[in-house]
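Before any comments, here is the structure.
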Protein chains: 2
Amino acid sequence: MPNSSLRPFVRSLELHDELAMNEREAVENLPIREKSFADGEEIVAEGSRPRESCLVLDGFAARTHLLRSGKQQIAAVHIPGDFVDLHSFLLKVMDHSVMAFGDCKVAFVAHDHLLILTEKYPHLTRLLWLSTTIDAAIQRAWIVSMGRRTAEQHFGHLVCELFMRLKSVDLLKDHSFTFPATQAEVGDILGLSTVHVNRMLQNLRATGFVTWQGNIVTVSDFDGLSEMVDFDPAYLNLFKEPR
Amino acid sequence: MPNSSLRPFVRSLELHDELAMNEREAVENLPIREKSFADGEEIVAEGSRPRESCLVLDGFAARTHLLRSGKQQIAAVHIPGDFVDLHSFLLKVMDHSVMAFGDCKVAFVAHDHLLILTEKYPHLTRLLWLSTTIDAAIQRAWIVSMGRRTAEQHFGHLVCELFMRLKSVDLLKDHSFTFPATQAEVGDILGLSTVHVNRMLQNLRATGFVTWQGNIVTVSDFDGLSEMVDFDPAYLNLFKEPR
DNA sequence: CGGCGCGTTGATTACTGTCAAACGGTGTGG
DNA sequence: CCACACCGTTTGACAGTAATCAACGCGCCG
């Protein structure tokens, strides 16, 4: 019996290319271990050598790196369907930790099973590989935002990114989505202090394009926001194409 | 007859895992198109749909993204042996351009041939995949530097990264390496203005750990620098292990 | 009620960008 | 050979952005 928990993941794969019947079955029959995590809980520890990779079934997860100074930087935010630390299958040692961003349910897949998949299904392997390269493209966009955009544009760009990604997996309610973060956590994403995040948000509210109040981000003018932050969704690869 | 130009690339692959004889042959027999580029020349254009991917044979290359405002951000620096835009094999559309960083020689490999490789050699495919995930790990380290390190630490961390990477492919002369960039280009890497780069470098010279004069970076105290910038080479995955 | 977490504000300091100018090396044309 | 232009580096002055420190308000929950 196929594992219905993996539906959102299969759907995410199919966002980028058609899956053959046997490929879909191979994924759906993957043995998994499900687990729920509370807000802030560590899912995978930095420095560990996981024997399984995790994907998000429900809620959000983030990849975060802690510095000796005590400061923290979040390097990625993951939504349902994302194979968060698929790269640990190849990287072996975690260079960051994965934590629950709000309450979150994940599935763990043993690396042994991934290995078998890569031996038997070349096309499926390319799609898994693709998902890690899209992650990397998102990280490049973050680098651009951090280096060359204003704080307001940086946050706005992040909102556009999440808006499009959540839309692609039907997690948008009208023009808004839930974003279970504190202002301090947004600071860890943007590389800003909590105080400055607060002031930046007030500026952004003044533009009328976005508001973020109590876990709900509302985008009242997506085109206006896109324009303001120079957002181009092409890097998200939200189209089907033979790969 | 195997293509000897690909030696540095094969060697880079072997940094992370043993290659089987037939895998090595498959790589060395890959048909390639070699081409040289002068400093600043565009190798692959943003927005294009390449039918081949390029790898660096000699010199440096950088991935760069241009904003509407005219500002520019460099998201990666590549050294000989790096498969710069391997991800375009799966991503299809370039979300950034690749340019020569100093004079640079590259080899182009047709996506068609990469496709065949992935169909026939699962283990080799994982190693190619690995190289893109290491790129992503480096990008995460950049995000951390941009968000949570001082300008001096950021540059110092970059120097440590390049030092280790160049060392792994024997491109270190004693404790120094050539770095064919202007201060303006370093600004585009770090996300700083040229003027501030200049001042940051003076501070750094004052520490005595690193100096950068006329294309040559000299690291006089790697341990001291590592300590100062909180550098941990683990993310570069410079060790052999079955993958 | 009291403590706690989160958001908000004010005051001050530190960092970084911008504008403008000067300096030094290098290559070219007269 | 010198004058000149060009490019990259360096410096100064000033403006804007962001961090830090400290405090306060507010809602939630024990």
Side-chain angles (χ1 to χ4, degrees), chain A residues 38-41 67 69-74 100-103 144-158 178-207 210-218 228-229, chain B residues 38-41 67 69-74 100-103 144-157 178-207 210-217 228-229:
Chain A
D39 182 26
E41 261 190 284
L67 301 190
S69 64
K71 297 185 188 212
Q72 193 178 9
Q73 176 66 43
I74 291 174
F101 213 61
D103 296 344
V144 173
S145 282
M146 301 188 91
R148 294 306 190 200
R149 283 192 247 261
T150 65
E152 287 79 7
Q153 288 176 318
H154 187 175
F155 183 74
H157 198 277
L158 175 71
T178 73
F179 188 57
T182 63
Q183 293 186 357
E185 285 166 328
V186 169
D188 287 340
I189 292 176
L190 305 181
L192 299 173
S193 68
T194 309
V195 172
H196 197 66
V197 167
N198 185 282
R199 292 180 173 139
M200 174 273 288
L201 287 173
Q202 297 179 38
N203 295 340
L204 217 43
R205 274 193 279 264
T207 67
V210 224
T211 51
W212 173 36
Q213 304 274 25
N215 278 12
I216 305 282
V217 173
T218 303
M228 171 186 137
V229 306
Chain B
D39 182 25
E41 262 192 282
L67 301 191
S69 64
K71 297 186 189 208
Q72 192 178 13
Q73 177 67 41
I74 291 174
F101 213 61
D103 296 343
V144 173
S145 282
M146 300 188 92
R148 294 304 189 200
R149 284 193 246 260
T150 66
E152 287 79 7
Q153 288 177 319
H154 188 174
F155 183 74
H157 198 276
T178 74
F179 189 56
T182 63
Q183 293 185 359
E185 286 167 327
V186 169
D188 287 339
I189 293 175
L190 305 182
L192 298 174
S193 66
T194 308
V195 172
H196 197 66
V197 167
N198 185 281
R199 294 184 169 133
M200 173 273 286
L201 287 173
Q202 298 180 39
N203 295 340
L204 218 43
R205 276 194 278 264
T207 67
V210 225
T211 53
W212 173 37
Q213 303 275 24
N215 280 10
I216 305 283
V217 174
M228 172 185 138
V229 305

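Here is how names work: the chains are called A, B, and so on, in the same order as the sequence lines, proteins then strands, and each is numbered from 1.
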Problem set entry | Span of DNA chain D in contact with chain A (heavy atoms, under 4.0 Å) | dA18(D) to dC21(D)
Exercise. Counting distance only, does the side-chain N/O of Asp39(A) pair as donor-acceptor with the main-chain N or O of Asp103(A) below 3.5 Å?
Worked result: no
For this session: May I ask you to say what Gly191(B) touches in the nucleic acid, namely base, sugar-phosphate or nothing, with a heavy-atom cut-off under 4.0 Å?
Result: sugar-phosphate
Seminar exercise, completed: Separation between CD1 (Ile189(A)) and CD (Gln72(A)), nearest 0.5 Å, reads 10.5 Å
Problem set entry | Intermediate values then yes/no, side chain to side chain contact (heavy atoms under 4.5 Å, CB included), Met200(A) and Leu190(A) | CA-CA 11 Å; Met200(A) 174 273 288; Leu190(A) 305 181; 3.5 Å; yes
For this session: Check every strand shown and say whether Gly214(A) touches a base, only sugar-phosphate, or nothing at a heavy-atom separation below 4.0 Å.
Result: nothing
Exercise. Taking atom C1' of dT16(C) as reference, at what distance in whole Å does atom CG of Asn203(B) sit?
Worked result: 12 Å
Exercise. Would you say Leu192(B) and Phe155(B) make side-chain contact, with heavy atoms under 4.5 Å?
Worked result: no
Seminar exercise, completed: To the nearest angstrom, the CD-P distance between Gln73(B) and dG17(C) comes to 11 Å
Distances for protein N or O near nucleotides 5-10 of chain C N or O, under 3.5 Å:
from: dG7(C); atom 1: OP2; to: Gln183(A); atom 2: N; distance (Å): 2.9
from: dT8(C); atom 1: OP2; to: Gln183(A); atom 2: NE2; distance (Å): 2.7
from: dT8(C); atom 1: OP2; to: Asn198(A); atom 2: ND2; distance (Å): 2.7
from: dT8(C); atom 1: O5'; to: Asn198(A); atom 2: ND2; distance (Å): 3.2
from: dT9(C); atom 1: OP2; to: Gln202(A); atom 2: OE1; distance (Å): 2.9
from: dT9(C); atom 1: OP2; to: Gln202(A); atom 2: NE2; distance (Å): 2.6
from: dG10(C); atom 1: N7; to: Arg199(A); atom 2: NH2; distance (Å): 2.5

Exercise. So do Met228(A) and Leu204(A) actually touch side chain to side chain, heavy atoms under 4.5 Å?
Worked result: yes
Exercise. Which heavy atom of Ser145(B) sits nearest a heavy atom of His154(B), and at what distance?
Worked result: CB-CD2, 3.3 Å
For this session: Using a 4.5 Å cut-off on heavy atoms from C-beta on, say whether the side chain of Asp188(A) contacts that of Arg148(B).
Result: yes
